[in-house]
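Below is one structure, written out as structure tokens, with a few remarks after it.
Source: prediction; values computed, not measured.
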Amino acid sequence: MDSKRGPVLSFNSSFSWSLCNCNSGLRVMFRRVAHGHEGPCINCNAGDQPVRNGSEELQLKQGEGLHDDAKGHQPPPMPDADGIPLSRRQQKKQILRDVRMQRKGQKKVQKQANALEGALQILHSALTDLSQEGDLAIASSTNSHTNDTDTSGLLGSSLCRTFNVKCRYRDLHVAHGPATLEGLNILEKVFVRPPKYSAKFLPQEYSLLHKIWSLLGGDCQNAGVLDIGAGNANCAVLAATMLGLTVVCVERESPREELRAEAQLPLPLREKVIRMESDVADVDAGALKRIASMHGLQRIVLVAKHPCGIGVDRSIACAERICASGEQPMESSAILVGVVLATCCANKLSQDDLRVSRVEEFCEFYRDMLPSPGASQTATLMAAFQRSVDIMSRCSAWRNTSASDGNAIHDTQLEWAELFEDALQALRLQRLEQLLGAAAQVRFAPSECTLQDRCLLAGASPLPRSLWAGGNECTDKAFLRQLQVASEMLCKSSGPLDCRPRGLKSAKYDFDYTDGVLSD
């Protein structure tokens with residue numbers, strides 16, 4: 001690129017244009033190129049060298065039209081998107097529009113580069129206080145394309161040590177469930193739902209269903225599920241019909257009656273799905289134990305599919321309360337045998353849907369994982385902890401933004417966003433391991449179904465190897481056989497469950513049931 005001019009963008013074989021920032025102001029130069037030579041700007045120092053023979057230069061100034069050269073040559077007309085030639089005035093407008101778009105794109109890229117540099121500086125300061133290394137290096141904007149900003153560098157290594165990151169996102173095992181295609185073909189016969197909706201959610205439900213089965217050791221007798229944030233209860237209904245589990249659906253506010261999947265169950269199965277309206281932070285372990293006693297439940301798996309932000313940590317706290325209540329003598333005390341948490345939206349720790357920061361609450365959950373210095377240093381450590389969590393939470397949104405149209409997210413930003421979430425998940429994994437004995441993290445669903453494909457698993461050590469099942473290879477024939485038998489029984493007795501959302505429409509999932517007519 002010329003130091004005086006921007007990049008030359010060619011729109012046909014004979015003409016090109018570029019930006020020139022000379023003393024005479026912004027000019028768009030429109031010049032004819034002959035024999036590979038081009039004319040320089042006649043208004044700046046680039047014009048010190050003579051114009052080569054055969055080159056002719058035209059200028060576009062604001063308020064001026066395209067001028068013919070001295071020989072009266074006319075540039076060939078530029079075509080529009082439909083191939084229709086543009087007038088000279090339209091050509092001028094198009095060129096100026098392209099200039100503006102180019103500069104806009106450059107500003108977006110620079111803005112993201114500045115955001116990355118600023119975030120790493122804040123993180124550097126916070127980690128220095130937390131790790132007391134005081135020797136961390138951050139690349140400046142002048143060498144942002146070197147390995148100094150790579151997450152494998154000094155700052156990234158320090159972050160991994162401070163938060164005890166054992167496994168990076170890109171190294172996580174893909175665990176979509178055994179014989180995925182075969183399993184999905186079986187479950188497709190159970191539901192009647194909009195095709196696009198089912199294509200997105202059924203692979204996630206299948207994977208979670210198998211993880212519940214694995215944590216229960218394939219024995220679903222006298223077992224149940226605590227489904228946090230159950231929503232329309234589609235996943236709960238699958239657990240009830242396919243595995244015969246009793247499911248307690250915890251939801252702050254249940255959906256309308258006609259949108260609840262359990263309403264479509266045959267009468268004998270409806271008692272398998274129980275609603276509990278409560279925030280997960282307020283779930284009463286005693287009340288849950290009473291429900292378990294009424295239904296003869298002896299083992300429980302806690303499941304939460306995509307609780308946003310602090311919802312993951314509140315779910316872990318709920319699991320702790322259940323375990324604590326299980327230690328108290330009761331006539332029929334159900335025990336928590338496993339946890340399945342498909343996490344979501346780490347960026348909502350810094351600001352949730354109510355525009356409230358949950359960073360302080362998050363850090364309180366993990367206070368005991370901080371070093372134990374003197375009392376005078378506790379406040380400093382906690383402040384540094386909160387600063388690091390806040391900046392990592394905010395910047396983890398880069399990964400979601402990178403999939404949007406017109407984004408300017410750098411590859412380096414994406415790599416850092418994944419590491420930031422790795423650090424936050426590491427705290428959760430440590431807490432789950434302390435609670436149940438073992439914890440792991442996998443990618444539980446295809447990325448085309450959800451970008452939020454992390455799943456935390458916890459249970460007694462060692463965890464069942466079947467939790468890592470994935471691909472089209474059948475590694476759990478008993479599970480597939482259970483699905484096949486249950487699916488056939490349901491379809492023969494009552495037919496598929498019609499879970500199409502009555503009264504709603506969606507352009508994203510291509511359905512409209514607002515008129516109440518559910519045609520095939």
Side-chain angles (χ1 to χ4, degrees), residues 115 118-119 122-123 126 163 169 200-201 204 226-233 235 249-255 276-283 302-321 339-367 369 382-404 407 409 413-414 416-432 441 444-445 450-456 508:
I122 295 172
L123 185 63
F163 285 81
Y169 171 76
K200 177 178 176 64
F201 290 103
Q204 302 177 52
L226 181 62
D227 190 351
I228 305 297
N232 58 16
C235 195
C249 299
V250 178
E251 188 65 68
R252 185 180 300 168
E253 183 178 354
S254 297
M276 177 187 287
E277 290 198 348
S278 171
D279 190 284
V280 62
D282 303 321
V283 170
L302 185 148
V303 177
K305 178 178 174 292
H306 289 158
C308 291
I310 200 65
V312 178
D313 310 285
R314 291 177 179 176
S315 298
I316 297 174
C318 178
E320 290 173 335
R321 294 196 300 274
V339 171
V340 181
L341 296 173
T343 63
C344 181
C345 302
N347 60 295
K348 290 189 178 180
L349 288 173
S350 60
Q351 188 178 77
D352 63 12
D353 292 337
L354 300 176
R355 298 186 178 276
V356 176
S357 172
R358 304 295 179 181
V359 170
E360 185 175 352
E361 180 182 354
F362 176 90
C363 292
E364 284 295 329
F365 278 129
Y366 304 98
R367 173 187 284 271
M369 295 183 184
M382 196 63 180
F385 187 30
Q386 291 179 5
R387 292 202 313 275
S388 61
V389 169
D390 181 70
I391 194 63
M392 289 192 296
S393 170
R394 292 178 186 277
C395 296
S396 66
W398 290 338
R399 182 168 179 269
N400 300 336
T401 307
S402 66
S404 62
N407 78 88
I409 299 297
Q413 281 179 284
L414 181 59
W416 274 106
E418 291 174 354
L419 178 56
F420 292 157
E421 192 167 349
D422 288 335
L424 298 175
Q425 302 290 15
L427 297 174
R428 293 163 170 167
L429 286 168
Q430 292 175 61
R431 192 173 176 187
L432 287 169
Q441 184 180 188
F444 84 104
T450 175
L451 287 175
Q452 305 291 342
D453 60 349
R454 293 178 186 255
C455 186
L456 309 184
K508 180 178 180 180

>> With heavy-atom distances below 4.5 Å as the criterion, would you say the side chains of Phe362 and Val312 are in contact?
In response: no
> Of all heavy-atom pairs between Arg314 and Ala281, which one has the smallest distance, and what is that distance?
Replying inline: CD-CB, 4.0 Å
> Looking only at atom types and distance, does a side-chain atom of Ser393 sit under 3.5 Å from a main-chain N or O of Ala346, one as donor and one as acceptor?
Replying inline: yes
>> Just by distance, no angles: are the side chains of Gln425 and Thr343 close enough, under 3.5 Å, to form a donor-acceptor pair?
In response: yes
>> Can you tell me how far apart SG (Cys308) and CG (Asp352) are? Round to the nearest 0.5 Å.
In response: 9.5 Å
> Should Ser388 and Phe163 count as side-chain neighbours, where that means a heavy-atom distance under 4.5 Å?
Replying inline: yes
> Hey, are the side chains of Arg358 and Lys348 touching, using non-hydrogen atoms and a 4.5 Å cut-off?
Replying inline: no
>> Using every non-hydrogen atom in the two residues, find where Cys395 and Ala417 come nearest and quote the distance to one decimal.
In response: O-CB, 3.5 Å
> What's the spacing between Ile228 CD1 and Asp279 CG if we round to 0.5 Å?
Replying inline: 9.5 Å
> When rounded to the nearest 0.5 angstrom, what is the spacing between CD in Glu277 and CG in Asp282?
Replying inline: 13.0 Å
>> Is the shortest side-chain heavy-atom distance between Gln204 and Phe201 below 4.5 Å?
In response: yes
> Looking at Arg387 and Ala126, what are the two nearest heavy atoms and their distance?
Replying inline: NH2-CA, 3.4 Å
> Nearest heavy-atom pair of Val280 and Arg321: which atoms, and what distance?
Replying inline: O-NH2, 2.9 Å
>> Please check this pair: side chain of Gln386 against backbone of Glu360, looking for a donor-acceptor N/O pair closer than 3.5 Å.
In response: no
> Atom CG in Leu419, atom OG in Ser396: separation rounded to 0.5 Å?
Replying inline: 11.5 Å
> Do other residues, nucleotides or ligands put more than 12 heavy atoms under 6.0 Å from Glu364 CD?
Replying inline: yes
>> To check you understand the geometry: which heavy-atom pair defines the closest contact between Thr450 and Ala445, and what is its length?
In response: CG2-CB, 3.9 Å
> Are any non-hydrogen side-chain atoms of Leu302 and Ile316 less than 4.5 angstrom apart?
Replying inline: no
> Do Arg454 and Asp422 touch side chain to side chain, with heavy atoms closer than 4.5 Å?
Replying inline: yes
> Shortest non-hydrogen contact from Asn347 to Ala397?
Replying inline: CB-CB, 3.8 Å
> Side chains of Asn400 and Gln452: donor-acceptor distance under 3.5 Å anywhere?
Replying inline: yes
> Quick one: CG on Leu429 to CG on Leu456, what's the gap to the nearest 0.5 Å?
Replying inline: 5.0 Å
>> Within this structure, what is the CZ-OH distance for the pair Arg428 and Tyr366, rounded to the nearest 0.5 Å?
In response: 5.5 Å
>> Do Tyr169 and Glu421 make a side-chain contact, defined as non-hydrogen atoms from C-beta onward lying under 4.5 Å apart?
In response: no
> Using the ring of each side chain (for Trp, its six-membered ring), is Trp398 parallel, tilted or perpendicular to Phe420, with breaks at 30° and 60°?
Replying inline: tilted
